[in-house]
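Working notes, structure below.
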Amino acid sequence: MARVRELLDDGIARLRESGSETARLDAELLLAHALDTDRTAILAHTDAPVGDGSAARFEASLDRRAAGEPVAYIRGIKEFHGLAFGVDPRALIPRPETERLVELAELEVMRRLLGAPRPAGSPPVRVIDVGVGSGAVAVTLAVLLRRRRMLEEVALAATDVSEDALQLARENAVAHAVGDRIEFSAADLLSGSDTTPWDVVAANLPYVRSATMPNLPVAASFEPAMALDGGPDGLAVIGRLLDQLPSGLAHGGVALLEIGGDQEAELQALVTERLPGWSCEVERDLGGLPRVAVLRREGTDAGAPPA
Ligand code: GLN
C-alpha cells in the first residue's frame, strides 16, 4: 500500500509538470480531500498507509487539477474569512481579497447601529449584496453580525441574475444557519429588488476587461464568465450599478464596490461623471492594491439636501 509521503511526492511532481504554481499546496489539499481529512493531518502522518480507494480518488483529483480545474471545485469547498463555503461552477470561487469588502460592510453596519442612539422600534439597517454569487459576502456578513448580536437589527438582502448562483448562495446560507435571515431574489443588480432605498450596498461584480479574459489563469476558465467579464473597459456592470444608485441608495448611504487593482483612477472618473457630488475613496487590500471603492451619498435620511 502506498504511503502518504509517496503519494504526495508523486502528486506534487505531476502538478508541477502540468504547470501549477502551487503544486505542493494543491497536492496536500487534494490528498486530504481523498482521505476525508484536513491538511494538518496529512502533514503530521506522512508515513501512514493510504488505502487503494483513497489513492484512486487522489489520482482522479490530480487528473482534474492537471487539466486546469481549480482545487476549490475539486474539493467542493473554499475557505473564506474563516468559514467554509460550498463551491461549484454555478458561481465564482470566493477570493481572499473580497474579505476586505465584507469587513468594510460590517463596519458600516456597526457605525449605523452604534453611532447614534437607536430608539426602540427604529427601522432596521438595510443592507444588500448585489451579485451574490456563492453567497460568500452576504453569508459571512450575516454570520459576523450574528456574533455581534446585531443581526436582528439588520435587513439583509442579496440579488443575482443567475438562478444557479442564487441556489448555491441559499445552500451556503442554510449551511451557516442564516438561510432565514437573507432575502434572496433574482434581479439585475438593484432593479427588481425591494424598492425601498438601501443603507449599505456591497458588490463584487465582474470587473475583468473582456480582452483580458483569455489571459486569466486556466482555472478561471472553469468559472462562470459572466461573474468575471466586465465588458470592454471592465467597468460596464459596475457602471450600470452606479446609474441605479441615485434611486437605490438612501441619503447618507454607502456603496462598497470591489474593483480591479488597476482600476482606481478609472472608477474615480466614472463616479465623478455619473454621480456628481458623491465622494469616492478606495480602500486597499492586504496586498496593498486598491480594492474596494467606498462611495458615499451625503445627506440625511429625510432626503433633505445637505445644508
Ligand atoms: N479578482 C478576480 C480575478 O482576477 C476578479 C473578480 C471579479 O471580476 N469580480 O480573478
Side-chain angles (χ1 to χ4, degrees), residues 19-22 25-26 65 68-74 78-81 85 87-105 128-141 158-162 164-166 168-169 172 187-190 201-242 244 255-267 270-271 280 282-295:
S20 170
E21 285 168 13
T22 49
L25 177 64
D26 293 359
R65 181 66 194 121
E69 190 169 348
V71 171
Y73 283 162
I74 301 170
K78 175 76 183 181
E79 290 82 9
F80 179 82
H81 214 295
F85 280 85
V87 289
D88 61 41
R90 286 179 288 177
L92 194 77
I93 298 164
R95 314 281 205 258
E97 54 269 28
T98 304
E99 294 178 359
R100 189 86 189 98
L101 177 64
V102 178
E103 287 159 8
L104 290 167
I128 189 164
D129 175 9
V130 178
V132 67
S134 66
V137 172
V139 172
T140 304
L141 184 60
T159 65
D160 207 293
V161 273
S162 160
D164 275 353
L166 280 168
L168 177 60
N172 278 314
D188 183 24
L189 305 174
L190 288 172
V201 171
N204 175 19
L205 295 170
Y207 53 72
V208 177
R209 291 176 192 84
S210 300
T212 312
M213 289 285 293
N215 309 335
L216 292 180
V218 187
S221 68
F222 287 78
E223 298 182 288
M226 69 182 302
L228 288 163
D229 190 340
D233 65 354
L235 293 173
V237 186
I238 289 178
R240 287 202 296 111
L241 178 60
L242 296 187
Q244 295 183 0
L256 306 165
L257 313 177
E258 183 173 324
I259 59 169
D262 59 353
Q263 289 175 326
E264 181 172 15
E266 266 174 279
L267 193 273
L270 201 60
V271 172
C280 174
V282 178
E283 293 283 336
R284 271 145 219 284
D285 63 20
L286 283 175
L289 291 175
R291 187 59 66 192
V292 182
V294 181
L295 278 58

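Values below: all heavy atoms of this structure, side chains included; hydrogens, waters and symmetry mates excluded. Just so you know, ligand 1 is whichever comes first in the structure, and atom 1 is the first atom listed for that ligand.
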* Asked: Under the side-chain contact (heavy atoms from CB on, under 4.5 Å) test, which residues partner Ala169, sequence neighbours left out?
  ->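 So Ala169 forms a side-chain contact (heavy atoms from CB on, under 4.5 Å) with Val132, Phe184.
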* Report the distance from atom CD of Glu97 to atom CG of Leu286, rounding to the nearest 0.5 Å. =>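 Here the interatomic distance stands at 9.5 Å.
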* Does the salt bridge (Lys or Arg N to Asp or Glu O under 4.0 Å) test come out yes or no for Asp262 and Arg209, once each step is laid out? -> CA-CA 11 Å; Asp262 59 353; Arg209 291 176 192 84; 3.3 Å; yes
* **Residues in the immediate environment of ligand 1 (any heavy atom closer than 4.0 angstrom)** =>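 Residues near ligand 1: Arg95, Glu97, Asn204, Leu205, Pro206, Tyr207, Val208, Ala227, Leu228.
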* To do: Answer with yes or no whether the side chains of Gln263 and Tyr207 bring together a donor and an acceptor at under 3.5 Å.
  =>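 No - no donor-acceptor pair under 3.5 Å links their side chains.
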* **Trace of the salt bridge (Lys or Arg N to Asp or Glu O under 4.0 Å) decision for Arg95 with Glu223** => CA-CA 12 Å; Arg95 314 281 205 258; Glu223 298 182 288; 2.9 Å; yes
* Asked: Taking C-beta and beyond as the side chain, do Pro89 and Tyr73 meet within less than 4.5 Å on heavy atoms?
  ->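 The answer is yes, as the side chains (C-beta and beyond) meet within the 4.5 Å cut-off.
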